[in-house]
Amino acid sequence: MARIGVLALQGAFREHCAVLRRLNHEATEVRTPAELAGVEALVIPGGESTTIDKLLDSSALRAPLLERLAAGMPAFGTCAGLIVLSASAVDATPDQRPLAAIDVVAQRNGYGRQVASFEAPVRLLGDERAMPGVFIRAPRIVAVGPGVEVVATLQGEAVAVASGTIMVATFHPELTEDDRLHRRFAALLA
Amino acid sequence: MAEFGTMRIKSGLAEMFKGGVIMDVVNAEQAKVAEDAGACAVMALERVPADIRADGGVARMSDPEMINGIQAAVTIPVMAKARIGHFVEAQVLQALEVDYIDESEVLSPADEAHHIDKWKFDVPFVCGATNLGEALRRIGEGAAMIRSKGEAGTGNVIEATRHMRAISGAIRQLAALDPDELYTRAKELGAPLPLVQWVAEHGRLPVVLFTAGGLATPADAAMMMQLGADGVFVGSGIFKSGDPSKRARAIVQATTHFRDAKVIADVSRNLGEAMVGRTNLAPEELLATRGW
């Protein structure tokens, strides 16, 4: 059981908290530097990446978050959270500054507008059983650096990857009952 | 193999709006101001509600050219309004690939008995509600997100407060009822029984609940969040104020840090003039009574 924070500036943070609590972890919402200091790991949820990016600055969280990530704090980003943790993002707004915690290039709204959002089963590597994938105005992973390991694919394309203590997914496991990615993330803390 | 337009996809996008501010914009410049301020989505419309009130006449869906212009200007989701019951306006908005359709009482209703059958669309809908029964009727018709109506274009938060309290109060009351009592309660609410049972069991709406209508200050937004809203719509309150960009940023921060009065105090400093607003509306001026 670990004390895992969920960045609660904007987006689907409640759902991540619920999954983590179901897995018997202590989940806390993080909106301030003091709250960030109190957690062992951080989930960055889906939401609007431009909004979260701006709120990182106005909430004085960018510097302490970069420091914690550099010091090896495990982090898990889904959808917008992937963009926030990425090295860079295609189609980002000019002022958007991803945290470069993982060597991944993301493309915002990679499939198009909401009418192109979809559900499709995702293949988890090393697991026979498919996982439900909920893709909502989802980003695409367009490039990864060396040492980035593929965790899940959709028709051969990486939709979840990990490197060291950072894991990111383009879809929303928190909107389904399938908690295998959250378990994998929690295992990084052990 | 991929499924489009499922309820999970529709309501899921609303889940991603939570804790955010959706701002009314009438052109590409305002949309950029909203995006730069941290809006999680924009609502594209030809006139903000305060101007619709002032101008009078029939208010309709916006010009597709204007909606496309806003879509081209920003990367965040773009919503647009259709008249209550005007399913062809909704078809047009879906063809334009807006990210959410607001079947809105702010426009002139097109049908005095029926709302749009929202299950027929892949694009999700948000609908207004003044009470729990109305909210559940809209969800029964396929709405994937609810916003309390408030009274748009007034700059006066009192109606938003009334509707948020009405909805949350009725949810708490349902949760306290015996299962045997839910049948009659569903009849009284005029709402589908399975939805009434779901709400009684879970103690919340099955979709995201935002607040709209009359919010003008950071404190208004934070108050609605403390009353249980998942996020807020701000219409005339931003672009009818003295310094829209600054006010928009302040409302975004107050919505995130809604329990932190110190943050709300800080962001409320020197915001310039708030919209003047309206009080004491005549019954025929009320928009919230539109919808059935």
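So you know, we letter chains A, B, ... as the sequences are listed, proteins then strands, and number each from 1.
Contact annotation for A/T176: both backbone and side-chain heavy atoms come within less than 4.5 Å of a heavy atom of chain B. Only the side chain of A/I136 comes within contact range of chain B, judged by heavy atoms closer than 4.5 Å. Of the two parts of B/A41, neither the backbone nor the side chain holds a non-hydrogen atom closer than 4.5 Å to a non-hydrogen atom of chain A. For A/R108, the part sitting under 4.5 Å from any heavy atom of chain B is the side chain, from C-beta outward, and nothing else. With a 4.5 Å cut-off on non-hydrogen atoms, A/S58 touches chain B through its backbone and its side chain both. With a 4.5 angstrom heavy-atom cutoff, A/D91 touches chain B only via backbone atoms. Contact annotation for A/S117: both backbone and side-chain heavy atoms come within less than 4.5 Å of a heavy atom of chain B. Using a 4.5 Å cut-off between heavy atoms, A/R31 contacts chain B through both its backbone and its side chain. Only the backbone of A/A8 comes within less than 4.5 Å of a heavy atom of chain B; no side-chain atom from C-beta onward does. Using a 4.5 Å cut-off between heavy atoms, A/Q96 makes no contact with chain B at all. For chain B, the nearby part of A/L55 is the side chain; its heavy atoms alone come within less than 4.5 Å.
Atom CZ of A/F76 sits about 10.5 Å away from atom CD1 of A/I4, to the nearest 0.5 Å. We find the CD1-NZ distance between B/I264 and B/K262 to be 12.0 Å, quoted to the nearest 0.5 Å.
Counted by atom type alone, B/T6 and A/E119 present one or more donor-acceptor pairs between their side chains at under 3.5 Å. Of the N and O atoms on the side chains of B/H257 and A/T32, not one donor lies less than 3.5 Å from an acceptor on the other residue. Side-chain atoms of A/R3 and A/T28 include no donor-acceptor pair closer than 3.5 Å. For the residue pair A/D95/A/T93, the side-chain donor-acceptor check at 3.5 Å is satisfied. Residues A/H182 and A/H25 bring no donor and acceptor atom of their side chains to less than 3.5 Å of each other. B/D220 and B/T217 share a side-chain donor-acceptor pair at under 3.5 Å.
Here the two rings, on B/F17 and B/Y100, have centers that are under 6.0 Å apart. Checked against a 6.0 Å centroid threshold, the rings of A/F118 and A/Y111 count as neighbours.
Heavy-atom pairs under 4.5 Å with chain B peak, among A/Q10, A/Q155, A/H172, at A/Q10. Contacts with chain A were tallied for B/R249, B/Q71, B/Q94; B/Q71 has the most, counting heavy-atom pairs under 4.5 Å. Put simply, of B/G19, B/G12, B/G5, B/C40, the one with the most heavy-atom pairs under 4.5 Å next to chain A is B/C40. Between chain A and the options B/T75, B/D230, B/D122, the largest number of non-hydrogen pairs under 4.5 Å is found for B/T75. Residue with the most contacts toward chain B among A/T50, A/I52, A/V134: A/V134 (heavy-atom pairs, distance under 4.5 Å). When each of B/V74, B/V123, B/T256 is scored by its heavy-atom pairs under 4.5 Å with chain A, the top score falls to B/T256.
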Mind running salt bridge (charged side-chain N to carboxylate O under 4.0 Å, His left out) on B/K32 and B/E35 for me, showing each step along the way? CA-CA 5 Å; B/K32 278 304 292 173; B/E35 182 176 58; 3.1 Å; yes
